[in-house]
Each structure stands twice: as C-alpha cells, then as structure tokens.
There are 2 protein chains.
Amino acid sequence: MHFMLQEIQEQPMVVERILQESPRIRRLARRIRRRDPWFVVMAARGTSDNAALYGKYLFETLLGLPVSLAAPSVITLYSSRLRLQKSLVLGISQSGESLDIVEFLRAARRLGALTVAITNHERSTLARNAHEVLLCHAGEERSIAATKTYMGQLTVLAFLAATWGELGDLERELQNLPRALEEVLKRKEEIAERVSRYRYMGECIVSARGYNYATAKEAALKLKETCYVLAEALSSADLLHGPIAIVERDFPVFLFAPTGKAYGHLLELTERLVAQGAEVVVFSDAQEILKKGTVPIPVPVSVPEEVTPHVLIIPAQLFAYHLALAKGLDPDHPRGLRKITRTL
Amino acid sequence: MHFMLQEIQEQPMVVERILQESPRIRRLARRIRRRDPWFVVMAARGTSDNAALYGKYLFETLLGLPVSLAAPSVITLYSSRLRLQKSLVLGISQSGESLDIVEFLRAARRLGALTVAITNHERSTLARNAHEVLLCHAGEERSIAATKTYMGQLTVLAFLAATWGELGDLERELQNLPRALEEVLKRKEEIAERVSRYRYMGECIVSARGYNYATAKEAALKLKETCYVLAEALSSADLLHGPIAIVERDFPVFLFAPTGKAYGHLLELTERLVAQGAEVVVFSDAQEILKKGTVPIPVPVSVPEEVTPHVLIIPAQLFAYHLALAKGLDPDHPRGLRKITRTL
C-alpha cells in the first residue's frame with residue numbers, strides 16, 4: 001500500500017492522540033488568556049499555510065481575534081521590525097525545519113510576541129525556538145504529499161480555540177471527530193470509482209467559502225502535487241470577481257459545500273456555473289446541491305460547520321490519491337519535491 | 001482604441017492627480033498617527049485585493065505595522081464581533097459598491113476601528129460609511145478589467161505609508177513615478193511583438209517574491225479575465241512548497257524579478273526552472289536574470305524596490321491586453337463579468 005493511502009487512513013488516530021494530549025493545550029490556553037493578545041499572526045508554508053487559513057476563520061469567528069497570515073519575507077528579506085508585542089505568533093511547520101518560518105518565529109520572539117510552534121517534530125529547530133510547542137502527534141509522515149499532519153494541525157488549532165475561548169460545545173464536537181472521520185473513510189471505494197472521468201483533466205478550479213476555503217486550497221495543492229493538475233483554489237466570492245471568465249463549457253470546478261452559513265452562496269454559484277456549462281463536482285452532505293451539480297460526491301457530515309474542514313478534506317485527499325494512480329503516477333513521490341522545503 | 005489600452009496609458013496622469021491631492025492624505029496620516037493603531041486590516045476583492053497585498057508588504061516593512069487581509073465572510077456570513085478597537089481598517093473598492101467590503105467596513109466602524117475607504121467614487125456606499133475617504137482619481141474606468149484604478153490604489157497606499165511614516169525618500173520617489181511610468185509605456189510595441197508565441201497558451205504560473213507578489217497576482221488576474229488563461233499566481237517560496245511539481249518541459253512561468261532584496265531568490269528559481277525545461281518569461285531590469293530566462297522582457301526600472309510594483313504591472317497589463325487581441329478576444333468585455341461584483 002502507498003504511504004499516502006495509509007496515512008490518509010491513520011487520520012482518526014491522529015485526532016485521538018491530540019485529544020489525549022489536551023492538558024498541554026489547556027495549559028497553553030490559560031497562558032494565552034493571561035497574556036490577552038490583541039491579534040494573532042500565523043506563519044506557515046504549503047499545506048501548513050492552508051491549516052493556518054482554517055485557523056484564521058476559526059479564531060476570528062469564534063474568538064473575535066484578528067488573524068494575519070504572515071508574509072515571511074517581510075522579516076527574512078526586508079528585515080522589518082514588526083510591532084508584535086501585543087500578539088500571539090504561531091509558527092506552523094510539519095518538519096519544524098522550514099527556514100523562513102523558523103526565522104520569522106525567532107524574530108517575533110525577539111520583538112516581544114508570545115510564540116508557539118505547531119509541529120510534528122518535538123526536537124525541531126522551530127520547536128526549540130518557540131516559547132511553547134503543540135505537537136501534531138501524526139507519527140512519521142512518509143508520503144511527500146502531507147495528509148495526516150494537516151489533520152493534526154487543524155485539530156490542534158480547533159482544540160486550542162475551544163480551550164482558549166472556553167467553548168464547551170466545540171470541545172465536545174472534537175471528541176466526536178474520530179468517529180465522523182471513520183464514517184467518511186468507509187466511503188473510500190466510492191471515491192475511487194469517481195476518478196476515471198478525470199484521467200485527462202489538466203486544469204481545474206477548486207472553490208468553497210468561509211471555513212472550507214482552507215479545504216479548497218489544500219485539495220488544490222494535493223491535485224497539483226500528486227496529479228500535476230493546475231488546480232487553482234479560489235474563494236467563491238473571489239471567483240466571481242474576475243476569474244469566472246475562464247469557466248466555459250466542460251471546465252471542471254470542484255466545490256466543497258457542506259450545510260452551514262456558506263451553503264446558500266455556494267448553491268447559487270453552482271446554479272450559475274452549471275448554467276454556463278461547467279462541470280461542477282460537488283462535495284456535500286446536502287441533497288439539494290448534490291442534485292444541482294454535474295457530479296455529486298455525497299459526504300456524511302455529522303459535525304457543525306466549523307469542524308467540517310476536518311471531514312471534507314478526506315474525500316479530497318482520496319480523490320487526489322486515486323486520480324494520481326489513474327494517471328499512472330506515484331502519489332508518494334511527486335517529481336521535484338522533497339519532504340522538507342528550505343526557502344528563506 | 002480599446003478602453004483597456006487607453007486606460008493603461010492614462011496611468012501616469014492618475015499618479016499625478018493623487019500627488020496633487022497630497023494635503024488630504026497628509027491630514028489623514030496625522031489623524032492615524034494620533035490614533036496609533038496596533039495593526040491594520042485591509043478588506044478588498046479582486047484587483048483591489050491585489051493592491052491590498054502590496055499594502056501589506058509596504059506597511060509591514062516600512063511602518064512595522066502588522067497587516068491582516070480580511071476574510072469578509074467572517075463578518076458577512078459568520079457575524080463575528082472582531083476585536084478591532086486598536087486597528088485601522090481600510091476598505092478598498094474601485095466602485096465602492098462591493099457589498100461584502102461595505103458590510104465589513106460598517107461592522108469595523110461599529111466595533112471601534114478607525115475606518116478609511118480607498119475608492120474611485122466619492123459618493124459610493126463605501127465612502128459614505130467610512131470615517132475618511134482617499135480617492136484614486138482615476139476618472140471613470142470603462143474597461144471591465146481594472147488597470148488605472150489599480151495604479152491609483154497602489155499610489156494612495158504608498159503615499160499614505162510615506163506620510164504616516166514620515167518617509168521623505170519614499171515621498172520623493174513617488175514624485176518621480178509618473179516619469180518612470182512614461183518610460184515603460186514607451187516600450188509598448190516591444191510587448192505587442194512578444195505575445196504571438198502565447199496564442200495557444202491555456203495555463204501558466206505567475207510568480208514573484210515580496211513586494212511584487214502583488215504584481216504576480218494582478219498579472220495572473222488580468223490573464224484570466226482578458227485571455228481566459230488559467231494563470232495561477234504563487235509567491236516563489238510557495239511555488240517551491242509543492243506546486244513546482246506541475247512544472248514540466250515547456251510549462252510557462254512568468255516571473256517579475258526587479259533588482260532588490262528578492263532578486264537573488266528569483267535568480268536561483270529561474271535557474272532551477274530552466275533546468276527543468278520550463279519556459280521562463282522574465283520581466284526585469286537586471287541583465288543577468290534576463291539572460292538566464294527563456295524569454296526576456298526588459299523593463300526600465302528607475303525606482304527603488306518598494307515602488308517597482310507600480311512600474312512592473314504596466315508590461316503585464318500590456319501583455320494581457322495584446323494577448324487577448326492575439327487570441328481574438330475583446331479585452332474590454334470579458335465573458336460573464338460586470339464592472340461591479342456584488343457578493344455578500
């Protein structure tokens with residue numbers, strides 16, 4: 001079995017392990033509450049940056065804390081002295097060895113921020129340079145395309161928000177998450193059967209709104225890395241501001257549209273895209289939008305909207321995995337990539 | 001003549017008009033300094049959001065102020081009560097009628113932020129809802145693909161940074177900008193001659209680092225809107241974190257690489273991409289990288305790095321314009337788009 005498939009299937013276990021580590025996250029949440037930051041900065045690249053995007057929606061919506069996604073070059077190239085004394089800075093990196101993320105976190109600490117590393121490697125450079133470390137508990141990730149560490153990052157961020165904001169409901173939902181993920185994994189054969197139609201797809205758009213914008217970005221990244229498909233992720237609002245011009249007859253658009261606050265907007269978009277002749281592949285639990293799309297991918301979603309990105313990324317990962325196989329590619333070894341990317 | 005070409009050529013004049021309006025910007029800068037915000041939030045969509053991205057690099061690097069690019073749905077869909085009392089919130093919209101940007105700014109004002117509208121329309125809903133208004137002075141923009149209003153937004157942001165931070169050098173550079181833009185416009189025939197090679201290009205990557213990441217995003221958006229090319233913009237660092245897997249022999253990558261702090265990184269990237277067999281189209285003033293790329297587009301750049309986005313966007317706009325013509329399309333009327341996009 002490929003590492004990628006194996007690691008996709010390990011994801012419920014990763015969530016379990018993070019829930020067991022809850023005392024450490026609770027302690028950090030108390031420290032953050034005492035510190036009372038005015039805003040949060042998250043520094044990350046690639047898959048970790050997609051997790052950070054989820055974190056932005058989560059912290060802004062549930063905690064009311066403005067979140068800035070860092071442009072690391074502001075520090076690493078332009079040597080800015082950012083005013084970060086009132087901030088919490090999260091550095092997110094699977095390996096903990098992304099040079100620019102390490103450098104950003106180090107500078108943030110010098111500039112007075114409270115710094116936290118979210119990483120899969122306790123002894124990494126990032127972990128050693130942060131005030132606090134939250135681990136993804138994913139075990140070694142051997143596929144180059146990250147899957148289970150993304151789940152770990154999402155879960156750490158959600159659990160941190162739940163304890164920081166004393167959101168009991170969210171905490172309980174996270175306890176149910178491993179079972180919800182198992183439910184989705186049971187459908188993996190259905191996904192495998194769907195991909196052959198896209199054997200010769202060279203480009204597509206991936207879209208969503210709100211919390212699942214992160215899902216769209218991460219799904220697009222998996223399609224790029226493992227299938228060499230030029231998949232562009234756009235929030236459905238941004239899609240309407242210009243890029244929709246490229247959508248013509250047969251153009252494939254993948255949409256993540258679970259029940260929730262973003263649903264109505266995505267339903268309208270689906271109608272418009274289908275009317276333009278696009279091929280709309282809909283991942284959802286809602287019958288109405290599944291029927292309106294060109295190709296429905298029903299996903300059992302038994303969690304509230306803020307936790308749906310954990311659930312919806314699984315069919316997307318499986319889709320990328322099986323499509324890579326259908327295209328005759330090795331999903332574990334994308335050309336030109338190594339596990340740790342060192343950019344400054 | 002198409003509106004788009006006419007409006008591209010009006011850009012030096014737009015900058016002139018903004019410089020003449022400097023007392024208004026200076027007054028606002030004083031008000032902001034008294035208020036002493038801890039961070040800045042910029043809310044925008046489409047082209048305006050690309051201007052906001054430039055603003056993020058500019059304010060973070062030159063003023064040390066952390067900038068968050070707003071996810072409007074946090075307010076419009078999820079009704080978050082963002083903690084914005086210590087913030088400056090900029091709403092950027094050409095028309096001033098983007099519903100979600102108006103809604104975000106209104107909420108920010110209720111939540112205690114100092115709010116500023118950057119718009120081309122003084123009587124717009126956005127302008128009427130902000131504490132202060134800065135105008136782009138672009139005159140009516142009749143092409144659907146925005147060009148001169150983008151230049152106006154970049155210039156307003158740069159002039160605001162210069163006066164807020166009392167950066168005399170930057171202010172002087174902006175005085176020279178109209179002449180620098182005229183220099184670039186003189187080369188417009190050279191660009192027109194370059195495009196025929198890309199008559200059948202269906203997809204590409206557009207990349208840069210630092211300040212010109214905004215240029216890459218805006219160039220990609222123009223290619224999407226006017227040429228229906230699936231152009232994905234990626235910072236060169238993000239490109240290395242996964243997406244580089246899709247770059248194979250002949251794959252077109254457009255790079256904006258002026259002399260400056262990001263140059264060394266882009267030179268290395270060019271070497272790597274060319275070694276992979278990619279077609280690298282380089283926009284630069286530096287001979288070395290122009291020689292290393294597959295297709296050089298020399299751009300006379302007589303301004304410091306933080307002002308290069310104003311200069312480099314012009315050959316990109318001209319490229320998109322002429323490529324649309326070569327593809328037999330009408331650049332003024334992209335399919336499926338209207339001038340004002342109303343998303344909530």
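Below, chain A is the first sequence line, B the second, and so on; all start at residue 1. Just so it is clear, the model here is predicted, and its values are computed rather than measured.
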For this session: Give the intermediate values and the outcome of side-chain contact (heavy atoms from CB on, under 4.5 Å) for residues B:Thr76 and A:Arg209.
Result: CA-CA 11 Å; B:Thr76 60; A:Arg209 187 91 195 269; 4.0 Å; yes
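Residues B:Ala245 and A:Lys224 approach most closely at CB-O, 4.1 Å, considering heavy atoms. A pairwise comparison of heavy atoms in B:Asp100 and A:Ala237 identifies OD2-CB, 4.4 Å as the closest pair. The shortest heavy-atom contact between A:Pro243 and B:Leu221 is CD-CD1, 3.7 Å.
Heavy atoms closer than 4.5 Å to chain B are found in the side chain of A:Ser235, but not in its backbone. Proximity to chain A (any heavy atom under 4.5 Å) is shown, for B:Ala220, by neither the backbone nor the side chain. Contact of B:Cys227 with chain A is not made at all, since no heavy-atom distance falls under 4.5 Å. Looking at A:Arg81, only its backbone comes within 4.5 Å of chain B, counting heavy atoms on both sides.
Using a 30° and 60° split on the angle between ring planes, A:Tyr78 and B:Tyr57 fall in the perpendicular class, above 60°.
Between B:Lys261 and A:Ser79, the side chains place no donor N or O within less than 3.5 Å of an acceptor N or O (distance only, hydrogens not considered).
Between the A:Ser68 side chain and the B:Val67 main chain, a donor and an acceptor come within less than 3.5 Å of each other.
More than 12 heavy atoms of other residues, nucleotides or ligands sit less than 6.0 Å from atom CD of A:Gln85.
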